[in-house]
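The chains referred to below are lettered A, B, ... by the order of the sequence lines, with proteins before strands, and numbering in each begins at 1. Computed from heavy atoms alone, side chains included, the values below leave out hydrogens, waters and symmetry copies.
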Number of protein chains: 2
Amino acid sequence: MDIDLTATEENYLKAIYKANESSSSLASTNTIARYLSTSAASVTDMMKKLSQKNLVIYQKYHGVKLSQEGSRLATALVRKHRLWETFLVEKLGFSWEEVHDIAEQLEHVRSNELVDRLDQFLDYPKYDPHGDPIPSADGKFTLRERIALSNLSIGESSILVGVKHHDKVFLDYLNQNRINIGVTMNILSKSLYDHSIRVLIENETEILVTDETAKNLLVRKLSAD
Amino acid sequence: MDIDLTATEENYLKAIYKANESSSSLASTNTIARYLSTSAASVTDMMKKLSQKNLVIYQKYHGVKLSQEGSRLATALVRKHRLWETFLVEKLGFSWEEVHDIAEQLEHVRSNELVDRLDQFLDYPKYDPHGDPIPSADGKFTLRERIALSNLSIGESSILVGVKHHDKVFLDYLNQNRINIGVTMNILSKSLYDHSIRVLIENETEILVTDETAKNLLVRKLSAD
DNA sequence: AATTATTTTTAGATAAGCCTAAATTCTTAT
DNA sequence: ATAAGAATTTAGGCTTATCTAAAAATAATT
């Protein structure tokens, strides 16, 4: 039932998946090339190949999107990636900024049995260490409401449930400020000038975050109490 | 400090490692080709390449062996492979005949940190699910005496500590007879005709094994009691 | 609407890893 | 000691995934 793809083909599928996810229109050749740090020419080549295999719907000069089958495979990859990240953090004690590159390799290991047993071993987690949803074996996501911290009003309380970007520099910054998935964040005040926000973390420490940062912090609002 | 090798190069190193291990003389091109299911011509190509990188000592027409650095890398691979096999069996509940192919993939994941944390997570195991020694981070093996069951005399008791071959058919056969690492094996009698042996497993069940099978079962003798 | 700029595709090359067939070297047997 | 046989290497090609440079198509601007 599962086709055997090379790691490279899988990476292209994931790139298209991400591009499709974040823009709703067709993914452009350049977008994919940029994401994979490769040339536009290489992308075109691969699009022909994946199109041949019916994994993508590709219109010359106009862009590409995943077919149903391609989407299924990409979701399976996301599942693998996020399960491995969870394993690395929960079981091996890595911190969330270290796991991406390793999971990037582990996700290409071929064995459905392995993934499903890993899922079981981790007790069927619904979210990975960055707060992103982990698709179930049949490709279903458990979504939850997440709004940017920047959208909260003064006095509102929330819990951090995700981060928009996963780059090391950003995550290191969060670590330094003891900010992790699950911490409570109360809005103390907002600057009218630059929209920076004073936030109380875990009802303990107070920090100042820029508007840009606040947009990358995804929270769940707590009902006032 | 670590050179980045392709998975293919790593597989060649491992093949040479195994060949060197089991024959003491130089590994021949054909031996390696057979082991990797590839052509002799491909092996020659790769030997030139690995020789260039000083990972093997290669004499045209005469064979090849690992250099010190090649040996270090091969040992690290064996370590990874056996740790992953241990993980798959101990933590994910695979049985010993299922893990080889998956570990074969996992061993190529590049991250020293990962291997060392996995080692710690597994509580620094000294032997893998097949009873083979797992090299420590600095490449040291903890060897133990193992003799073939076929060498025991009537009346002697032993514990199974390893198997010579890892092929699925053999391991499946052992599973069917409830034979696993750790079981006790008492020699009841030996046939003078075909050297087959009647063995009492775990002081419970009695089975008949051929001489061939007995040669593949590695045991530790129990002092008579 | 035409021209410029940008994006994308095509064309032609390269490197890794593999193959088969032919040539070479080593081994063995007479 | 030499010829036959076996093993190994070389030569020449193939595929995948990549690249740069040139050509073609689309988008943007005046």
Side-chain angles (χ1 to χ4, degrees), chain A residues 3-16 19-20 22-66 70 73-74 77 104-105 107-108 110, chain B residues 3-16 19-20 22-66 70 73-74 77 104-105 107-108 110:
Chain A
I3 314 144
D4 253 8
L5 301 180
T6 64
T8 309
E9 289 171 323
E10 289 187 340
N11 286 333
Y12 273 96
L13 285 186
K14 251 186 41 181
I16 300 165
N20 282 168
S22 70
S23 93
S24 84
S25 58
L26 295 182
S28 79
T29 302
N30 265 348
T31 303
I32 299 166
R34 216 172 304 121
Y35 181 82
L36 294 174
S37 304
T38 188
S39 71
S42 300
V43 175
T44 301
D45 281 352
M46 186 57 91
M47 290 313 102
K48 286 181 191 166
K49 192 169 154 194
L50 294 179
S51 185
Q52 199 67 39
K53 296 190 181 187
N54 290 312
L55 299 176
V56 303
I57 293 150
Y58 169 54
Q59 290 180 273
K60 262 193 192 179
Y61 293 102
H62 292 289
V64 69
K65 67 175 179 179
L66 295 174
L73 291 173
L77 281 169
E104 201 76 8
Q105 297 179 66
E107 77 189 0
H108 296 300
R110 262 181 287 276
Chain B
I3 313 144
D4 252 9
L5 301 179
T6 65
T8 309
E9 289 171 322
E10 289 187 339
N11 285 335
Y12 274 96
L13 285 186
K14 251 186 40 180
I16 300 165
N20 283 167
S22 70
S23 91
S24 82
S25 58
L26 294 182
S28 79
T29 302
N30 264 348
T31 303
I32 299 167
R34 217 174 304 120
Y35 181 83
L36 293 172
S37 305
T38 187
S39 70
S42 300
V43 175
T44 301
D45 281 352
M46 186 57 90
M47 290 314 102
K48 287 182 190 166
K49 193 169 154 194
L50 294 179
S51 185
Q52 197 68 39
K53 296 190 182 186
N54 291 311
L55 299 176
V56 302
I57 292 151
Y58 169 55
Q59 290 180 273
K60 262 193 191 179
Y61 293 104
H62 292 290
V64 70
K65 66 174 179 179
L66 295 174
L73 291 173
L77 280 168
E104 203 75 8
Q105 296 180 66
E107 76 189 358
H108 297 300
R110 262 181 289 275

Gap separating the CD atom of A:Glu107 from the CD atom of A:Glu10, nearest 0.5 angstrom: 7.0 Å
Nearest-angstrom distance from the residue atom CD of A:Glu10 to P of D:dT16: 16 Å
What's the OH-C1' distance between B:Tyr58 and C:dT25, to the nearest Å? 11 Å
Name the nucleic acid region contacted by A:Ser39, choosing base, sugar-phosphate or nothing; use a 4.0 angstrom heavy-atom cut-off, strictly under. base
From the set D:dC19, D:dA7, D:dT10, return the single nucleotide nearest to any side-chain atom of A:Thr38. D:dC19
The side chain of B:Asp45 lies closest to which of these nucleotides: D:dC19, C:dC18, D:dT9? C:dC18
Ignoring backbone atoms, test whether B:Asn30 places a side-chain nitrogen or oxygen under 4.0 Å from the OP1 or OP2 oxygen of D:dA6. no
Is the distance from OP1 or OP2 of D:dT26 to the nearest side-chain N or O of A:Lys60 less than 4.0 Å? no
Nearest to the B:His62 side chain among C:dT20, C:dC26, C:dC18, which nucleotide is it? C:dC26
Any carboxylate oxygen within less than 4.0 angstrom of a Lys/Arg side-chain nitrogen, looking at A:Lys14 and A:Glu9? no
A:Leu55 vs A:Leu73 side-chain heavy atoms within contact, under 4.5 Å: yes
OP1 or OP2 of D:dT9 under 4.0 Å from side-chain N/O of B:Thr29: yes
Nearest to the A:Ser42 side chain among C:dC19, D:dC19, D:dT8, which nucleotide is it? D:dC19
Is the distance from OP1 or OP2 of D:dT8 to the nearest side-chain N or O of B:Ser28 less than 4.0 Å? yes
Determine whether a donor-acceptor pair (N or O, by modelled atom type, separation under 3.5 Å) exists between the side chain of A:Asn20 and the backbone of A:Leu66. yes
Over how many whole Å does the gap from A:Leu36 atom CG to D:dT18 atom P extend? 8 Å
To the nearest 0.5 Å, what is the distance between CD1 (B:Ile32) and CZ (B:Arg34)? 10.5 Å
I want to verify a distance call: between D:dT10, C:dT9, C:dT8, whose nearest atom is closest to the B:Lys48 side chain? D:dT10
For A:Leu5, does its backbone N or O pair with a side-chain atom of A:Arg110 as donor and acceptor, under 3.5 Å? yes
Between D:dT10 atom P and B:Met46 atom CE, what is the distance in whole Å? 16 Å
Closest approach to the side chain of A:Thr44, judged atom by atom: which nucleotide of C:dT10, C:dT7, D:dA11 is it? C:dT10
Please give, in whole Å, the distance from C:dA15 P to B:Gln52 CD? 15 Å
5'-most by nearest nucleotide on DNA chain D - A:Ser37 or B:Ala27: B:Ala27
Quick one: is C:dC18 close enough that its OP1 or OP2 comes under 4.0 Å of any side-chain N or O from B:Tyr12? yes
Starting from C1' on C:dA16, measure out to CG on B:Asn11 and report it in whole angstrom. 14 Å
What is the distance, rounded to the nearest whole Å, between atom CD1 of A:Ile32 and atom C1' of C:dT9? 14 Å
5'-most contact on DNA chain D: B:Thr31 or A:Tyr61, nearest heavy atom basis? B:Thr31
